[in-house]
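Before any comments, here is the structure.
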2 protein chains.
Amino acid sequence: MNRTGTPTAPQEEWLRLDRQICFSLHAAARAFNGVYRVILKDLGLTYPQYLVMLVLWEHGDLPVKKLGEHLRLDSGTLSPLLKRLESAGLVRRERSARDERSVQVRLTEEGSALRERALQVPRRIAAATGFDIEEISALRSRLDELTIALDEAALSAAAP
Amino acid sequence: MNRTGTPTAPQEEWLRLDRQICFSLHAAARAFNGVYRVILKDLGLTYPQYLVMLVLWEHGDLPVKKLGEHLRLDSGTLSPLLKRLESAGLVRRERSARDERSVQVRLTEEGSALRERALQVPRRIAAATGFDIEEISALRSRLDELTIALDEAALSAAAP
DNA sequence: CACAATTAAATTGTGCACAACTAAATGGGG
DNA sequence: CCCCATTTAGTTGTGCACAATTTAATTGTG
């Protein structure tokens, strides 16, 4: 490799590197998932369900559409997930009166109350990473840059 | 926050930060997945299938167990995935003669040949990230550290 | 040798991600 | 005012991740 990032290594080498980076990200996401799984078991939440609850706790009641924008998830993922949160008694779903296409997701008493118990989660996760808050922030920034770049690339599709 | 990484922010603030880091990683993994999906469509592979093929191209034929160790995946995930790769004609699965519990995964001619077409994938992915090779390597190192720490934490389980 | 413990795959069941499609409500242009 | 494009949720089908269980082969130990 050289300082400009222009590939000089043979393609074989690139294939090996590709395995490393895509595998690393994949593995890290699953490792995170595993730690959350353990810690969230107490709360009866999965990791994606926890993400939904975090958004609702932060922003209050939201239509499914807005929830999906915050989380980059579509109704294909959210509809069944919200149905499970509803049968767990944490949210209610109500058709909006103003626009009958829209479904408002509302925290129940129980859903709001769960927030108190969730307050200890981030500390435990941070402890599990062994990273301090600045390292976490730095990594987060890198990942966000990456996500933005990748989303753009996915839009401009599959040109070689 | 302060320079030691000791939390001084209120728990409320931590909840917001937690949303950010776990969300960032989750989103980055899915964005990566999306770009691979587009690029791998040509090859008729999904992202996890591509990971399996990369390991086989690099290490040659392997038993399911070893494959799982390289990828941190168990037979619950690999068995159906390998079945799909087999019906796509890319691998064969054969019970080992020496140890009948073990199943050897072997590349077919077609599976080996696919490697040639895969050689262009990493360049296209790297282009999509917009990162140069050193940035990618640095990020990879960070993620690997994170994965190791998280795996350890998951083992020592759910102590508050 | 016999038998219990271990190991390797596969299977089953749950949940998430996403593409493709459907259904219903909305809103703007002729 | 009516029709049609758009918007919002939901549904269906495929594939992955993982826990729990099952089956079969192997290994270790008395």
Side-chain angles (χ1 to χ4, degrees), chain A residues 22-23 25-38 40-41 44-52 62-69 71-88 91 93-105 151 154 157, chain B residues 22-23 25-38 40-41 44-52 62-69 71-88 91 93-105 151 154 157:
Chain A
C22 65
F23 171 68
L25 192 68
H26 202 62
R30 285 187 295 132
F32 239 99
N33 215 307
V35 170
Y36 273 104
R37 192 194 322 281
V38 170
L40 292 174
K41 190 149 64 177
L45 294 174
T46 66
Y47 180 36
Q49 288 167 8
Y50 174 65
L51 291 176
V52 167
L62 288 173
V64 173
K65 184 74 195 309
K66 290 286 178 195
L67 205 48
E69 284 169 9
L71 296 166
R72 287 174 200 260
L73 292 172
D74 65 9
S75 68
T77 300
L78 286 175
S79 288
L81 189 158
L82 291 170
K83 208 176 289 186
R84 283 186 283 271
L85 285 180
E86 185 167 45
S87 52
V91 305
R93 290 179 301 157
E94 294 168 8
R95 285 273 160 198
S96 161
R98 275 205 322 102
D99 182 346
E100 297 249 334
R101 292 170 303 182
S102 174
V103 167
Q104 198 74 8
V105 181
D151 279 352
Chain B
C22 64
F23 171 69
L25 192 66
H26 202 62
R30 285 187 293 130
F32 238 96
N33 214 307
V35 170
Y36 273 104
R37 192 193 322 279
V38 171
L40 292 174
K41 190 150 62 176
L45 293 175
T46 66
Y47 180 37
Q49 289 167 7
Y50 174 65
L51 291 177
V52 167
L62 287 173
V64 174
K65 185 73 195 309
K66 289 287 178 197
L67 204 49
E69 283 169 9
L71 296 166
R72 285 173 203 259
L73 291 172
D74 66 10
S75 68
T77 300
L78 286 175
S79 288
L81 189 158
L82 291 170
K83 209 175 290 185
R84 283 185 281 273
L85 286 180
E86 186 167 45
S87 53
V91 305
R93 289 179 303 157
E94 295 168 7
R95 285 274 160 197
S96 162
R98 275 204 323 100
D99 183 345
E100 297 249 334
R101 291 170 305 181
S102 174
V103 167
Q104 198 74 8
V105 181
D151 279 353

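When reading the values below, keep in mind they use all heavy atoms of this one structure, side chains included, and skip hydrogens, waters and symmetry mates. Letters go in sequence order (proteins before strands), and every chain restarts at 1. All figures in this text were calculated on a predicted structure; none of them were measured in a lab.
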Practice item. Just call it for B:Leu73: base, sugar-phosphate, or nothing, with non-hydrogen atoms closer than 4.0 Å on any strand. Key: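 Sugar-phosphate: the residue B:Leu73, judged by heavy atoms under 4.0 Å, touches backbone atoms but no base.
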
Exercise for review: Would you classify A:Thr46 as touching base, sugar-phosphate or nothing, given that sugar-phosphate means primed atoms plus P, OP1 and OP2, and contacts are heavy atoms under 4.0 Å?
Suggested key: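 Answer is sugar-phosphate: A:Thr46 comes under 4.0 Å of backbone atoms only.
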
For [X], all residues meeting salt bridge (Lys or Arg N to Asp or Glu O under 4.0 Å), sequence neighbours excluded:
X: A:Lys65; answer: A:Glu69
X: B:Arg95; answer: none
X: B:Glu94; answer: B:Arg92, B:Arg106

Practice item. Give the nucleotide from the list C:dA25, D:dC18, C:dG15 with an atom nearest to the side chain of A:Glu100. Key: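 The answer is C:dA25.
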
Could you write out each protein N or O paired with an N or O of nucleotides 5-9 of chain D at a distance under 3.5 Å?
| residue | atom | partner | partner atom | Å |
| --- | --- | --- | --- | --- |
| D:dT7 | O4' | A:Arg101 | NH1 | 3.4 |
| D:dT7 | O2 | A:Arg101 | NH1 | 3.2 |
| D:dT8 | OP2 | A:Lys65 | NZ | 2.8 |
| D:dA9 | OP1 | A:Val64 | N | 3.2 |
| D:dA9 | OP1 | A:Lys65 | N | 3.2 |
| D:dA9 | OP1 | A:Ser102 | OG | 3.4 |
| D:dA9 | OP1 | A:Val103 | N | 3.4 |
| D:dA9 | OP2 | A:Lys65 | N | 2.8 |

In whole angstrom, what separates [X]'s [atom1] from [N]'s [atom2]?
X: B:Lys41; N: C:dC18; atom1: NZ; atom2: P; answer: 14 Å
X: B:Leu62; N: C:dA8; atom1: CG; atom2: P; answer: 14 Å
X: B:Leu71; N: C:dA9; atom1: CG; atom2: C1'; answer: 16 Å
X: A:Leu81; N: D:dT11; atom1: CG; atom2: P; answer: 14 Å

Review point. Got a sec, which residues hit side chain to side chain contact (heavy atoms under 4.5 Å, CB included) with A:Thr77, two or more places apart in sequence or on another chain?
Key: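 Listed in chain order: A:Leu73, A:Asp74.
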
Check your understanding: For A:Ser79, what residues pass the side chain to side chain contact (heavy atoms under 4.5 Å, CB included) criterion, not counting sequence neighbours?
Key ->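 In terms of side chain to side chain contact (heavy atoms under 4.5 Å, CB included), with neighbours along the sequence ignored, A:Ser79 is linked to A:Ser75.
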
Review point. Taking for each residue the nucleotide of DNA chain D bearing the nearest heavy atom, is the 5' side occupied by B:Gln49 or by A:Gly76?
Key: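 First, find each residue's nearest nucleotide; the 5'-ward one identifies A:Gly76.
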
